[in-house]
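Single-structure report; data block below.
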Amino acid sequence: MFDQSQLPINPFWNFSLDVYGQQGVAPACLVLQEKYDLDVNLLLFCCWAGFCGKQLSTKELSGLISGIEKWRDHVIQPLRDIRTWMKSETINGFRHTEGLRNLVKDSELWAEALQQNFMHLHMTLRPALLPSSGMAAKNMVLYLELCEVDAIGTVDCADLAAIVRGGFPELPPLEAVWLFQ
């Protein structure tokens with residue numbers, strides 16, 4: 001079973017849990033992950049950086065992306081693939097036990113927590129006195145550019161805005177969408 005107490009203290013992880021738990025954030029993250037193969041942890045980090053008053057440079061974000069690429073490709077993605085496969089697959093009419101699938105799910109979550117810890121250690125940020133939703137949005141747009149996501153449609157703007165609103169709940173929904181227009 002996944003035990004968060006085994007992880008190093010990490011304010012980025014705590015922020016991510018809070019944001020991901022906000023209404024609409026999880027589905028928005030998953031849509032962007034599925035549609036563009038974006039890393040949810042990087043989307044959340046872009047928001048975290050804005051919360052810390054940090055506008056990421058191309059060099060900083062590129063370094064972060066390349067620093068986690070192998071972990072994502074060789075640990076997180078295979079665990080996600082196994083969990084997803086187990087959710088829908090039967091073998092000889094036998095349905096996989098939920099217990100085993102939950103262990104895989106917990107392992108995936110733990111792997112993501114470790115990835116976030118690496119990201120936090122790579123670029124240690126602290127919450128700012130004046131968090132900036134605008135910087136969070138700019139960081140996300142930079143991430144999309146680095147991933148060569150060319151066009152951002154209305155639905156994508158709404159999903160990105162949902163993530164920003166998770167980190168900045170006081171931001172009116174329409175204003176959050178305007179950040180990406």
Q.
Are Val31 and Met140 connected into the same hydrophobic cluster when the rule is that any two of I, L, V, M, F, W, Y join if their side-chain heavy atoms are below 4.5 Å apart?
A. no
**Q.** Shared hydrophobic cluster, Tyr36 / Leu64 (ILVMFWY, side-chain heavy atoms < 4.5 Å)
**A.** yes
Q | Between CG on residue Leu109 and CD1 on residue Ile76, distance to nearest 0.5 Å | A | 10.0 Å
Q | Pair Gln77, Asp81: side-chain N/O donor-acceptor within cut-off below 3.5 Å | A | yes
(Q) Check whether Asn139 reaches the backbone of Met135 with its side chain - one donor and one acceptor, N or O, closer than 3.5 Å. (A) yes
Q. Are any non-hydrogen side-chain atoms of Leu160 and Leu43 less than 4.5 angstrom apart?
A. yes
Q | Atom pair CG (Asp39) and CG (Asp73), whose distance is rounded to the nearest 0.5 Å | A | 9.5 Å
Q | Residue pair Arg101 / Lys87, side-chain heavy-atom distance below 4.5 Å | A | yes
Q: Please examine the side chains of Leu32 and Val40, heavy atoms only from C-beta on, and report whether any two atoms are closer than 4.5 Å.
A: no
Q | Within-4.5 Å side-chain heavy-atom neighbours: Cys147 and Leu38 | A | yes
Q: Check step by step if side chain to side chain contact (heavy atoms under 4.5 Å, CB included) holds for Val104 and Glu108.
A: CA-CA 6 Å; Val104 173; Glu108 180 185 353; 5.6 Å; no
Q) So how far is it from Cys47 SG to Phe15 CZ, rounded to the nearest 0.5 Å? A) 4.0 Å
Q: Decide yes or no for Phe180 and Val164: does some side-chain heavy atom of the first lie under 4.5 Å from some side-chain heavy atom of the second?
A: yes
Q: Hey, can you tell me if Phe45 and Phe12 have their rings parallel, tilted or perpendicular (30° and 60° cut-offs)?
A: perpendicular
Q. Between Val149 and Asp156, is a side chain to side chain contact (heavy atoms under 4.5 Å, CB included) present by the stated rule, with each step listed?
A. CA-CA 11 Å; Val149 175; Asp156 300 329; 5.9 Å; no
Q. How far does CG of Leu179 sit from CZ of Phe168, to the nearest 0.5 angstrom?
A. 9.5 Å
Q. Which side-chain hydrogen bond (donor to acceptor under 3.5 Å, both in side chains) pairs, counting each pair once, include a residue from residues 49-60, with sequence neighbours left out?
A. Lys54-Glu60, Ser57-Glu60
Q: Output the distance between atom CG (Leu142) and atom OG (Ser62), rounded to the nearest 0.5 Å.
A: 7.0 Å
Q: Please lay out, stage by stage, how Asn41 and Gln116 fare under the test side-chain hydrogen bond (donor to acceptor under 3.5 Å, both in side chains).
A: CA-CA 7 Å; Asn41 289 323; Gln116 284 202 5; 2.7 Å; yes
Q) Does the distance from a Lys or Arg side-chain N to an Asp or Glu carboxylate O, for Arg72 and Asp37, drop under 4.0 Å? A) yes
Q.
Test side chain to side chain contact (heavy atoms under 4.5 Å, CB included) on Gln33 and Arg80; report intermediate values, then the result.
A. CA-CA 12 Å; Gln33 177 179 272; Arg80 182 174 299 128; 3.5 Å; yes
Q) Taking all non-hydrogen atoms of both residues, which atom of Ala113 and which atom of Trp13 are closest, and how far apart? A) CA-CZ3, 3.4 Å
Q: Over all heavy atoms of both residues, which pair between Ala162 and Gly24 is shortest? Give the atoms and the distance, please.
A: CB-O, 3.9 Å
**Q.** In one Ile/Leu/Val/Met/Phe/Trp/Tyr side-chain cluster, 4.5 Å: Ile82, Trp85
**A.** yes
Q. Rounded to the nearest 0.5 Å, how far does NZ of Lys35 lie from CG of Leu30?
A. 14.0 Å
Q | Leu61-Leu44 co-clustered via ILVMFWY side chain contacts under 4.5 Å | A | yes
Q) Run the side chain to side chain contact (heavy atoms under 4.5 Å, CB included) check on Trp48 and Met119 step by step: do they pass? A) CA-CA 11 Å; Trp48 167 246; Met119 295 165 73; over 6 Å; no
Q. What residues, two or more places apart in sequence or in another chain, satisfy side chain to side chain contact (heavy atoms under 4.5 Å, CB included) together with Val75?
A. Trp71, Leu79, Ala111
Q: Decide if atom CD of Glu148 counts as having more than 12 heavy atoms of other residues, nucleotides or ligands within a radius under 6.0 Å.
A: no
